[in-house]
Structures are given as structure tokens and as C-alpha cells.
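Take a look at the structure set out below.
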Amino acid sequence: DTTIETRHRRKDGSVFDVEVSLRGIWLGEREVVIGVCRDISARKRDEARLREAERKFTALVQQSLVGVYIIRDGDWLYINPQMARMFGYASPAECIASCHVSDLVAPESRELVAENLRRRLRGEVEQLNYGFTGLRKDGTRIAVEVFGSTLEYDGRPAVLGLVLDVSERKRAEAELERYRLQLEDLVLERTRDL
């Protein structure tokens with residue numbers, strides 16, 4: 001049995017894709033080859049659209065300013081370049097090869113992260129949004145916010161996540177809170193003076 005793909009030209013000059021399947025059968029003492037042709041132009045168009053969509057998606061994720069990851073069983077299946085940079089790694093490959101998920105989580109946040117991963121993988125929640133303290137390669141801490149959901153990856157459940165470094169936002173919020181408290185103290189002091 002042999003199957004080949006080829007292109008044919010119609011009478012009007014248009015070209016179309018064809019799949020030809022050939023099979024030999026014995027009729028008495030002679031072998032006869034039977035061929036079946038089918039137009040696969042629609043399938044080829046769909047495959048080309050799918051490849052184009054995949055190229056666009058890959059470019060978007062690779063150039064994203066948000067960290068993107070896929071994990072299963074505590075191991076990284078995918079990390080985009082921003083995720084690697086956020087946690088102090090030179091490349092996604094270095095991060096995937098040298099650490100597990102828990103290595104990027106500060107000790108005080110590990111149970112929270114592990115429990116949220118378990119909940120998603122058990123199907124208790126499909127999507128989850130929460131914050132935790134991350135741990136960079138050099139040991140410095142960063143505040144991160146995660147938006148995660150479950151998906152099927154190679155036929156098994158996995159977790160897809162988006163990670164934002166919110167350290168600057170947290171610092172700004174703390175600074176605003178400090179100013180607010182100072183203003184309250186100042187108002188109380190002025191009120192007493194009056």
C-alpha cells in the first residue's frame with residue numbers, strides 16, 4: 001500500500017491537491033494495482049490556516065510582556081522568555097533545565113501555590129487568580145500575580161498560567177498607605193491643636 005500527495009491541474013487551469021492511494025491485489029496469477037484519488041484541497045487550506053495561526057500565537061507569546069508557563073507534576077513544560085527574565089534566568093531553556101516550580105516560590109508561599117495547583121489539576125476550579133511571593137534565581141523576592149487555568153497537554157491535565165511582576169505596584173501601594181497614615185496623623189494633630 002502506498003499513499004502520495006500530488007498536485008493536479010483541472011481543465012480550466014486551476015491547480016488542486018490530490019491524495020492518491022495505491023494498493024496491489026492479486027487476481028488469479030496477476031497483480032492488479034487499484035488507485036483511489038481524492039481532492040484534499042480543503043484539508044490543505046485548513047492545515048495552512050492552522051500553521052499560520054500557530055505562528056501568530058507563538059510570536060505573541062514569545063514577545064509578550066507577561067510571563068507565560070505550562071506546568072504538570074511540578075515541572076515546567078513551557079516557559080516564555082519574559083517568564084525566564086522575570087525570575088532572573090538567561091533563557092527559558094535554562095529555567096526549565098535548572099529548576100522546578102517550587103524553586104521560583106518563596107518558602108512562605110509554597111503551600112499556597114502547591115494547593116492552588118492541586119485544586120486546578122483536580123478540577124475543583126478551572127481558573128484562579130491570586131498573588132504570591134516569587135523567588136528569583138539570585139534569591140531576591142518579587143511580588144507576582146498569577147492568572148491560571150487548566151488545559152489538556154499531550155492528553156494529560158496541565159496548568160497554563162500568566163504571571164505579572166507586581167513588585168512596583170506593591171511598593172507604590174505601600175508608599176501611598178504610608179502617606180495616608182501620615183496624613184491621618186497630621187489631621188489628628190491639627191485637630192488637637194485647634
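Note that the structure is a prediction, hence the values are computed from the model and not measured. Worth knowing before you read on, the calculation uses all heavy atoms, side chains too, and leaves out hydrogens, waters and symmetry mates.
- Under a hydrophobic clustering in which Ile, Leu, Val, Met, Phe, Trp and Tyr are joined whenever their side-chain heavy atoms come within less than 4.5 Å, directly or via other members, V144 and L164 fall into different clusters.
- Under the 3.5 Å distance criterion, the side-chain polar atoms of S98 are matched with a main-chain donor or acceptor of E94.
- In this structure, the side chains of V18 and S41 stay at 4.5 Å or more apart for every pair of heavy atoms.
- Separation of atoms NZ (K137) and CZ (F87) is listed at 14.0 Å; rounding is to 0.5 Å.
- No side-chain heavy atom of Q82 sits less than 4.5 Å from a side-chain heavy atom of Q62.
- Nearest approach of Q127 to S149, heavy atoms of both residues: CG-CB, 3.6 Å.
- Interatomic distance, CG of L50 versus CZ of R55, reported as 10.0 Å (0.5 Å rounding).
- Both I142 and V113 belong to a single network of hydrophobic side chains, linked directly or stepwise wherever heavy atoms of I, L, V, M, F, W or Y lie under 4.5 Å apart.
- Looking only at distances, no side-chain donor or acceptor of R110 sits under 3.5 Å from a matching main-chain atom of D103.
- Put simply, the side chain of T133 never gets that close to the backbone of A106: no donor and acceptor are under 3.5 Å apart.
- Contact check for V159 versus I70: no side-chain heavy atoms found under the 4.5 Å cut-off.
- Cluster annotation: V105 and I96 are assigned to the same hydrophobic cluster (Ile/Leu/Val/Met/Phe/Trp/Tyr, side-chain heavy-atom contacts under 4.5 Å, transitive).
- Note: L104 CG to F132 CZ = 8.0 Å, rounded to the nearest 0.5 Å.
- Pairing each heavy atom of R141 with each of P107, the nearest pair is NH2-CD, 4.0 Å.
- What you find for S167 and D165 is that their closest heavy atoms are OG-OD1, 2.7 Å.
- The salt bridge (Lys or Arg N to Asp or Glu O under 4.0 Å) test with D39 singles out one residue from R10, R7, K44, R45, and that residue is R10.
- For the atom pair T191 OG1 and E184 CD, the distance stands at 11.5 Å (nearest 0.5 Å).
- Remark: E52 does not engage R49 in a salt bridge, criterion side-chain N to carboxylate O under 4.0 Å.
- Looking only at side-chain heavy atoms (C-beta outward), S91 and C95 stay at 4.5 Å or farther from each other.
- The shortest heavy-atom contact between A84 and P92 is CB-N, 3.6 Å.
- Between R120 and E124 there is no salt bridge, since none of the side-chain N atoms of the basic residue sits less than 4.0 Å from a carboxylate O of the acidic one.
- Heavy atoms only, all atoms of each residue included: P157 and R72 are closest at O-CD, 3.2 Å.
- Classification of E5 and R43 as a salt-bridged pair holds, one side-chain N sitting under 4.0 Å from a carboxylate O.
- Checked against V68 for a side-chain contact (heavy atoms from CB on, under 4.5 Å), the options V163, L160, I79 give a single hit: L160.
- Using a 4.5 Å heavy-atom cutoff, the side chains of F147 and L128 are not in contact.
- When atom types are taken as modelled, the side chain of T58 and the backbone of E54 share a donor-acceptor pair closer than 3.5 angstrom.
- Under a 3.5 Å cut-off, the side chain of N80 and the backbone N or O of G67 do not form any donor-acceptor pair.
- V101 and L151 end up in different hydrophobic clusters when Ile, Leu, Val, Met, Phe, Trp and Tyr side chains are linked at under 4.5 Å.
- Around the NE2 atom of H8, the shell of radius 6.0 Å holds more than 12 heavy atoms that belong to other residues, nucleotides or ligands.
- Remark: side-chain polar atoms of R136 are not paired, donor with acceptor, to backbone N or O of T140 under 3.5 angstrom.
- Of the charged side-chain nitrogens involved, none lies within less than 4.0 Å of a carboxylate oxygen, so that E175 and R180 do not count as a salt-bridged pair.
- Under the 3.5 Å distance criterion, the side-chain polar atoms of D12 are matched with a main-chain donor or acceptor of S14.
- No side-chain heavy atom of D185 sits less than 4.5 Å from a side-chain heavy atom of V187.
- Every pair passing ring-ring contact (aromatic ring centres under 6.0 Å, His included) that includes a residue from residues 43-76 is listed here, sequence neighbours excluded: Y69-W76.
- Heavy atoms from other residues, nucleotides or ligands lying under 6.0 Å from CZ of R178 number more than 12.
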### Task
Start with the C-alpha gap between E115 and R122, add the side-chain angles, then the distance that decides, and say whether salt bridge (Lys or Arg N to Asp or Glu O under 4.0 Å) holds.
CA-CA 10 Å; E115 180 58 25; R122 285 191 305 244; 3.3 Å; yes

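- Side-chain contact check for V20 versus R38: every heavy-atom pair is 4.5 Å or farther apart.
- Cluster membership for L22 and I4, using ILVMFWY side-chain heavy atoms within less than 4.5 angstrom, is shared.
- Between V125 and T150, the shortest heavy-atom contact is O-CG2, 4.3 Å.
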### Working for salt bridge (Lys or Arg N to Asp or Glu O under 4.0 Å), residues E31 and R23
CA-CA 10 Å; E31 182 179 22; R23 182 174 192 185; over 6 Å; no

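- Distance check, rounded to the nearest 0.5 Å: CG of L121 to CZ of R156 gives 9.5 Å.
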